[in-house]
Amino acid sequence: MVRKIEATTAQWLLEQPFDEPVWVVEEMLPVGLHLLVGPPKIGKSWLVLGLGLAVSLGKPFWGFATRQGAVLYLCLEDTFSRVQKRLWTITDEANDSLFFTNVAETIAGGLADQLVGFRADHGDLRPVIIDTLQMVRAPSGESLYASDYGDLSKLKRVADDCGIAIVVIHHTRKMGDSDALNTVSGTTGVTGCADSTLVLHRQARGSGDATITITGRDAEFQELRIRFKDCRWELVEKTSAEELAERSVPEVVLQVLEFARMQGDAWQGSASALVDAAGVEGVKPAVLGKYLAQHRMFLEERGVSYSVRHGRTGNVLTLENVVVGEGCEGCDGNLGI
């Protein structure tokens with residue numbers, strides 16, 4: 001007999017006091033399943049070793065507070081001798097809360113049960129680090145997507161049920177992409193199952209400078225500039241919200257913003273006239289009008305109000321320099337193209 005669907009109401013959800021996410025590393029790593037992705041030999045193992053040390057000692061990681069507790073590191077590509085040398089290199093201090101193993105079952109062979117058992121023996125377990133995903137996978141007759149999603153979902157279930165963070169190290173594909181998530185090796189089943197994805201990208205071959213982008217369900221999108229120095233990853237700076245916002249804005253909108261700032265008085269005209277006046281190339285007037293409407297608040301936050309009114313010969317666009325925070329005086333909200 002088919003089980004009935006059990007559903008809840010929107011009103012119940014509005015009133016239900018759900019718990020807030022529990023952070024292992026504040027603002028960066030909550031309870032759940034997380035991918036740390038980067039090219040081979042970029043230093044992912046050094047990064048998670050530093051993270052594990054910080055959590056086990058209860059020390060901040062890159063300035064983010066940690067929730068102290070036990071750490072289990074599955075260093076499945078390394079020998080204990082190699083791990084020892086890394087520890088000698090980066091720290092003089094450790095404790096009995098950071099555990100290592102270089103032998104574990106595959107996901108299909110019982111890894112989930114092993115992790116649940118370790119959690120039962122160590123009630124203060126915070127993160128589990130799996131280095132690497134490929135080492136705990138086995139060939140499957142399923143489709144690539146089903147295999148990717150099926151394996152990761154088993155790990156996510158353990159993380160959610162045990163109240164821990166599981167960090168899985170994985171590789172990027174060779175072909176680059178402007179969207180960091182598209183660089184993750186495998187199908188979308190890999191990133192689709194994870195609660196967050198951290199993509200490590202070196203700025204130039206041979207350089208110690210890199211960026212790490214964090215995209216997740218509970219953590220806000222972040223980009224951190226980091227540097228690999230003396231075998232440690234250190235935080236250089238966090239990319240500002242303003243810079244991140246500008247990257248999501250089409251270049252033509254930035255051109256119009258610069259054009260408007262150079263005008264002493266308000267500029268008015270058609271979209272076609274604006275294309276010519278601002279020297280915009282590669283975009284049709286109607287599309288430019290759409291972009292300006294979509295990013296009206298972006299313009300206003302930078303001192304340029306944008307509005308549209310219907311004239312006898314078509315829409316008339318108005319760009320006017322204003323004091324930030326004043327808004328658009330007399331704007332009727334008509335932003336139609």
Side-chain angles (χ1 to χ4, degrees), residues 19-36 44-62 64-88 90-137 151-170 193-196 198 216-219 233:
D19 293 333
E20 292 295 316
V22 176
W23 297 92
V24 174
V25 180
E26 194 170 8
E27 298 183 25
M28 183 178 174
L29 199 70
V31 166
L33 177 66
H34 312 279
L35 297 174
L36 173 60
K44 299 184 293 296
S45 296
W46 288 103
L47 193 157
V48 293
L49 181 59
L51 184 149
L53 271 169
V55 173
S56 67
L57 295 169
K59 293 185 175 182
F61 181 70
W62 292 346
F64 297 97
T66 63
R67 185 168 177 238
Q68 185 174 13
V71 179
L72 175 60
Y73 187 164
L74 278 62
C75 47
L76 304 176
E77 293 184 339
D78 291 310
T79 62
F80 285 143
S81 174
R82 187 177 299 141
V83 174
Q84 181 190 58
K85 291 177 182 177
R86 289 176 183 166
L87 285 170
W88 281 346
I90 68 173
T91 189
D92 296 323
E93 180 185 6
N95 60 22
D96 291 330
S97 291
L98 178 53
F99 297 86
F100 298 92
T101 182
N102 55 13
V103 179
E105 296 291 345
T106 63
I107 297 173
L111 176 61
D113 291 336
Q114 287 186 314
L115 297 181
V116 171
F118 191 89
R119 171 66 171 79
D121 293 336
H122 301 83
D124 65 338
L125 182 63
R126 302 295 182 236
V128 171
I129 299 165
I130 300 176
D131 188 357
T132 61
L133 176 61
Q134 197 59 38
M135 294 296 292
V136 294
R137 301 194 71 183
D151 281 348
L152 271 297
S153 64
K154 292 176 183 176
L155 296 178
K156 175 171 169 52
R157 190 175 303 114
V158 172
D160 292 342
D161 291 347
C162 293
I164 60 176
I166 296 181
V167 181
V168 182
I169 294 182
H170 191 39
C193 188
D195 291 298
S196 72
L198 298 79
R217 297 187 177 108
D218 294 315
W233 285 105

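Heavy atoms only: backbone and side chains are in, while hydrogens, waters and symmetry mates are out.
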Under the ring-ring contact (aromatic ring centres under 6.0 Å, His included) rule, collect the residues that match up with Phe64, sequence neighbours excluded. none

Would you mind reporting whether Leu35 and Leu198 have side-chain heavy atoms less than 4.5 Å apart? no

Looking at every non-hydrogen atom in both residues, tell me the closest pair between Ala165 and Pro30 and how far apart they are. CB-O, 3.5 Å

Atom of Trp233, atom of Trp62 and distance for their closest heavy-atom approach: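 Of all heavy-atom pairs spanning Trp233 and Trp62, the closest is O-NE1, 2.9 Å.
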
For Leu72 and Leu115: C-alpha separation, side-chain torsions, deciding distance, then whether side chain to side chain contact (heavy atoms under 4.5 Å, CB included) applies. CA-CA 9 Å; Leu72 175 60; Leu115 297 181; 4.0 Å; yes

Flag the pair Met135 / Leu74 as yes when at least one side-chain heavy-atom distance between them is below 4.5 Å, and no otherwise.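 Met135 does not reach Leu74 side chain to side chain.
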
For the residue pair Phe118 and Phe99, does the interplanar ring angle fall in the parallel (under 30°), tilted (30 to 60°) or perpendicular (over 60°) class? perpendicular

Heavy-atom closest contact (Val158 atom, Ala112 atom, distance): CG2-CB, 3.6 Å

Heavy-atom side-chain contact between Thr66 and Glu26 under 4.5 Å: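 Of all side-chain heavy-atom pairs linking Glu26 with Thr66, none is under 4.5 Å.
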
Scanning both residues in full, the closest heavy-atom pair of Leu57 with Glu93 reads CD1-O, 3.9 Å

Is the shortest side-chain heavy-atom distance between Leu76 and Val136 below 4.5 Å?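 Yes - at least one pair of side-chain heavy atoms lies under 4.5 Å apart.
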
Going by side-chain hydrogen bond (donor to acceptor under 3.5 Å, both in side chains), name the pairs with one or both residues in residues 94-115, residues two or more places apart or in two chains.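 Listed by first then second residue: nothing to list.
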
Quick one: are Val168 and His34 in side-chain contact, heavy atoms under 4.5 Å?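 Not in contact.
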
Check the pair His170, Thr132 against side chain to side chain contact (heavy atoms under 4.5 Å, CB included), reporting the backbone distance first and the verdict last. CA-CA 6 Å; His170 191 39; Thr132 61; over 6 Å; no

Between Val167, Leu98, Val128, Leu125, which is the residue that forms a side chain to side chain contact (heavy atoms under 4.5 Å, CB included) with Val71?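 That would be Leu98; it is the only one of Val167, Leu98, Val128, Leu125 passing the side chain to side chain contact (heavy atoms under 4.5 Å, CB included) with Val71.
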
Measure the shortest side-chain to side-chain distance between Leu152 and Leu33 over non-hydrogen atoms and say whether it is less than 4.5 angstrom.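 In contact.
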
For residues 44-55, which side-chain donor-acceptor pairs fall under 3.5 Å, sequence neighbours excluded?
from	atom 1	to	atom 2	distance (Å)
Lys44	NZ	Gly38	O	3.3
Lys44	NZ	Pro39	O	2.8
Ser45	OG	Asp131	OD2	2.7

